[in-house]
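Below is one structure, written out as structure tokens; the observations come after it.
Lettering of chains follows the sequences in order, A, B, ..., and the numbering in each one begins at 1. Note: hydrogens, waters and symmetry copies are ignored here, and every other heavy atom, side chains too, is used.
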2 protein chains.
Amino acid sequence: MAKQNPDLSLLFHALSDPTRRMMLTRLAQGPAPVSELAGPTGLRLPTVMRHLSVLEGAGLVATQKDGRVRSCAIVPEALAPMRDWLDEQRALWEARLDRLDDYVMTLMKEPK
Amino acid sequence: MAKQNPDLSLLFHALSDPTRRMMLTRLAQGPAPVSELAGPTGLRLPTVMRHLSVLEGAGLVATQKDGRVRSCAIVPEALAPMRDWLDEQRALWEARLDRLDDYVMTLMKEPK
DNA sequence: GTGATACTTAGCGATATGGCTAAACAAAAC
DNA sequence: GTTTTGTTTAGCCATATCGCTAAGTATCAC
């Protein structure tokens with residue numbers, strides 16, 4: 001089986017961890033250095049670094065180093081593929097429900 | 001750290017695998033027995049069963065057994081929490097951008 | 001230049017994940 | 001009642017994930 005949309009896999013996987021979602025939510029309020037990101041999690045810095053790199057790998061967060069401080073910021077457009085998938089999926093389901101409607105209508109109009 | 005929304009974690013995790021997304025997409029066309037679900041994946045049945053139970057655990061799929069056949073169907077409303085999270089997150093980001101605008105405006109209006 | 005600060009790298013341990021085969025089970029089909 | 005069909009369970013293997021500590025490295029403050 002082909003890999004088909006590894007982006008989505010990375011994205012969903014990045015979001016599947018509460019710590020990472022917490023970090024994202026914090027970053028939604030504005031950029032922050034790594035330690036400030038780590039604070040609320042109660043986790044050690046290396047652990048947080050790992051989560052951060054997962055978020056970066058998924059394209060959800062961009063970072064840059066300023067002196068000895070690494071500043072982290074959210075990448076708003078990164079969620080677009082997820083939204084697209086969601087919409088596409090909903091469209092498929094609705095199409096199915098429509099076809100089901102048609103089918104039922106056909107049955108009802110069936111002579112006898 | 002508290003667990004905060006394990007539902008979301010389950011949901012995102014379930015969606016982070018291409019095989020599971022493929023299965024979902026197939027199910028969007030209508031209910032299917034396990035073997036039909038397995039076919040396109042090229043994976044063995046026990047493997048597919050595992051994926052299926054992850055999807056079930058996340059509430060994305062409901063199944064029922066009819067004789068020796070297990071019929072699987074999508075649960076459309078299961079994606080709602082994800083959509084909510086997405087919207088909430090977008091709201092946060094937009095709020096932030098608004099505040100940034102305000103800040104910039106304040107700076108511009110600052111008398112000297 | 002010495003020390004504190006802010007990461008960063010290396011590496012370990014426990015558990016989870018994703019694939020498999022082999023063997024069991026249960027309902028149909030014959 | 002035996003065989004086929006459609007799962008299901010048990011268990012193995014390789015790799016990935018998530019936490020940690022300990023020991024770097026690189027700036028900044030004195």
Rounded interatomic separation in angstrom, taking [atom1] from [X] and [atom2] from [N]:
| X | N | atom1 | atom2 | answer |
| --- | --- | --- | --- | --- |
| B:Met49 | C:dT21 | CE | P | 17 Å |
| A:Leu43 | C:dC7 | CG | P | 15 Å |
| A:Leu52 | C:dT9 | CG | C1' | 15 Å |
| B:Asp66 | C:dA26 | CG | P | 17 Å |
| B:Arg50 | C:dA16 | CZ | P | 11 Å |
| B:Gln64 | C:dA27 | CD | C1' | 16 Å |

(request) Mind grabbing the angle between the end helix axes of the helix from C:dG1-D:dC30 to C:dC30-D:dG1? Five pairs an end, 10° rounding. (result) 20°

(message) Using a 6.0 Å cut-off, check whether atom CZ of B:Arg83 has over 12 heavy atoms from anything other than its own residue.
(response) yes

Using OP1 and OP2 only, check whether a side-chain N or O of [X] sits under 4.0 Å from [N].
| X | N | answer |
| --- | --- | --- |
| A:His51 | D:dG19 | yes |
| B:Arg70 | D:dT8 | yes |
| B:His13 | C:dT17 | yes |
| A:Arg44 | D:dT21 | yes |
| B:Arg20 | C:dG18 | yes |
| A:Thr47 | D:dC20 | yes |
| A:Ser35 | C:dA6 | no |

(request) Counting heavy atoms from C-beta on, name the nucleotide in C:dG19, C:dT8, D:dC18 closest to the side chain of A:Val34. (result)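 Selected nucleotide (nearest to the side chain): C:dT8.
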
(request) Return the 5'-most residue of the pair B:Ser71, A:Lys65 with respect to DNA chain D, ranking by each residue's nearest nucleotide. (result)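 Looking at DNA chain D, the more 5' nearest nucleotide goes with B:Ser71.
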
(request) Nearest-nucleotide wise, let me know which of B:Ser16 and A:Arg68 is further upstream toward the 5' end of DNA chain C. (result)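 Whichever sits nearer the 5' end wins; that is A:Arg68.
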
(message) I want to confirm an ordering. Mapping B:Asp17 and A:Leu45 to their closest nucleotides on DNA chain C, which one lands closer to the 5' end?
(response)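 Looking at DNA chain C, the more 5' nearest nucleotide goes with A:Leu45.
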
(message) Under a 4.0 Å threshold between the charged nitrogen and the carboxylate oxygen, would A:Arg50 count as salt-bridged to A:Asp17?
(response) no

Within the structure provided, determine whether [X] and [Y] are in side-chain contact (heavy-atom separation under 4.5 Å).
| X | Y | value |
| --- | --- | --- |
| B:Pro81 | B:Asp7 | no |
| A:Phe12 | B:Met82 | yes |
| A:Pro31 | A:Ser71 | yes |
| B:His51 | B:Met23 | yes |

(message) Is there a path of hydrophobic side-chain contacts, each under 4.5 Å between heavy atoms, that joins A:Leu24 and A:Leu8?
(response) yes

